[in-house]
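Working notes, structure below.
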There are 2 protein chains.
Amino acid sequence: IVCLDDVRKEYALGGTVTALDGIGLSLPAGSYTAVMGPSGSGKSTLLNLIGALDTPTAGRVSVDGTDIADLSENDRAKLRGTKIGFVFQTFNLMPRLSARENVELPLVFAEWDTDRRTERAESLLDRVGLGDRMDHMPQELSGGQRQRVAIARALATDPAIVLADEPTGNVDTETGDEIMSLLADTHDRGNTILLVTHERRIAEHADRIVHVRDGRREDTETIGGD
Amino acid sequence: IVCLDDVRKEYALGGTVTALDGIGLSLPAGSYTAVMGPSGSGKSTLLNLIGALDTPTAGRVSVDGTDIADLSENDRAKLRGTKIGFVFQTFNLMPRLSARENVELPLVFAEWDTDRRTERAESLLDRVGLGDRMDHMPQELSGGQRQRVAIARALATDPAIVLADEPTGNVDTETGDEIMSLLADTHDRGNTILLVTHERRIAEHADRIVHVRDGRREDTETIGGD
Ligand SMILES: Nc1ncnc2c1ncn2[C@@H]1O[C@H](COP(=O)(O)OP(=O)(O)OP(=O)(O)O)[C@@H](O)[C@H]1O
Ligand SMILES: Nc1ncnc2c1ncn2[C@@H]1O[C@H](COP(=O)(O)OP(=O)(O)OP(=O)(O)O)[C@@H](O)[C@H]1O
Ligand SMILES: [Mg+2]
Ligand SMILES: [Mg+2]
């Protein structure tokens, strides 16, 4: 469902900054993959390309059979709206919308009717422990609470592909476990998950851990057991 | 050097949201204290009060012998500029300044001369592994790189009190260790450190771990040995 072929991403800044240095990756439908690597090694860049938020400098990124470089800006937005759920490393919540309204946003674009939308948003916020914070604005929430709103929003439409960029970085162990259990349920329903994390114990929830360094892949671990 | 006496912080939102529910805390000069607790338990609120960014609803916050409620907005800014270094959970970098310029900012306010300022900023950025990222703007940096700029900025004036809100949440283990080594050196020179973290192994670098839950203190652990 996701295929990267010798993908490069470079920025022209001073000299050239190479964020991805020839990355290949295949994510079959329903797979659960974690990505680990040093700060600055290209993980968020990788997710941004898969999420069609950016295009590669070279190489090919295919999502659901389509080369994202062939898509217009409109079609990329459509792909993101229907098939991809993105949890951003810096949350990126709409500052003038409440937690509930932030989670409803993808459902508005997907044209869900009002009652179903509210019910879905509230159920997800409840699931991540924010049942008593639904009317709070982002600046009235703690760091980890904002992170959880971002997670609920990413899962709102139950998207085929979930891209989670360090979803537990701002929460305690217990809250992190609840987030991982929510992702596990999503995976059990057949969704594809790509999870970037700095924490080994979080990565081990996946079936496979891909290690990156300096924009390239290093070794890959298969996580045994169920 | 820092003393909290039965501090409460409440927000009027819908009903009343209690962020801190009667917290007492004493940080002697040169102490190294970690704070752990669930997401939403009041840790960032605690740091904001100690950092004189906010005032309590009830109770007293004293920093360096002064009750911060007695200070004018100007004097609080002066206290922050001279005595407190703050690493924010969400970094709060100036978006139109480069990494180097962000780190120089406290030194500009402290009226350091230009050459010393640049030398100090570059040396700190080098120390956190950003020697080749000094000209990058925040949006041209990874999440963990922004976090490291925030740390360098907080330490720029070598402030008497360092308040670090989850300083390793966005970086890998190795980079996290480098950050902790920088904080250890700061502590060795006699600075006072208060570190909020969700990671046990990070908290254990401190001499004491204060646990909080629902805006109150729970148990406190003394970390033995060196
Ligand atoms: N401006 C505000 N208005 C209303 N409630 C607020 C406001 N700011 C914070 N809160 C609430 O106060 C509580 C404490 O927030 P705080 O940011 O101190 O938590 P925290 O311990 O730092 O959490 P985290 O580990 O997620 O960063 C949270 O439940 C939050 O929803
Ligand atoms: N717009 C840009 N211009 C120049 N360089 C950039 C830009 N965006 C990112 N970079 C660089 O690309 C590299 C990869 O960034 P990326 O955000 O993918 O790292 P990461 O693995 O997610 O790191 P972290 O774990 O710190 O979040 C970094 O070294 C960063 O400085
Ligand atoms: Mg990143
Ligand atoms: Mg916090």
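Keep in mind that what you see is a predicted model, and the values were worked out from it rather than measured. Here is how names work: the chains are called A, B, and so on, in the same order as the sequence lines, proteins then strands, and each is numbered from 1.
In this structure, no portion of A/D135 lies under 4.5 Å from any heavy atom of chain B. Proximity to chain A is limited to the side chain of B/S142, based on heavy atoms less than 4.5 angstrom apart. Neither the backbone nor the side chain of A/R200 comes within less than 4.5 Å of any heavy atom in chain B.
Contact tally against chain B (heavy-atom pairs below 4.5 Å) for A/T45, A/T173, A/D172: the top residue is A/D172. Ranked by heavy-atom pairs under 4.5 Å with chain B, the list A/G176, A/G40, A/A19 is led by A/G40. Listed options B/E174, B/Q147, B/H136 were ranked by heavy-atom pairs under 4.5 angstrom with chain A; first place goes to B/H136. Note: A/S39 leads A/G144, A/S39, A/S44 in heavy-atom pairs under 4.5 Å with chain B. The choice from A/N170, A/T90, A/D165, A/V17 that makes the most heavy-atom pairs within less than 4.5 Å of chain B is A/N170.
Annotation: the span from A/R148 atom CZ to A/R133 atom CZ amounts to 9.5 Å, rounded to 0.5 Å. Atoms CZ and CD, from A/R153 and A/E101 in turn, are 13.0 Å apart once rounded to the nearest 0.5 Å. Considering CD of B/E104 and OG1 of B/T114, their distance stands at 8.0 Å, rounded to 0.5 Å.
Contact record, A/T197 with A/E166: CA-CG, 4.3 Å, taken as the closest heavy-atom pair.
A/D177 has a carboxylate O that lies under 4.0 Å from a charged side-chain N of A/R201, or vice versa, which qualifies the two as a salt bridge. A salt bridge is defined here as a Lys NZ or Arg NE, NH1 or NH2 lying under 4.0 Å from an Asp or Glu carboxylate O, and B/E119 with B/R117 fails to meet this definition.
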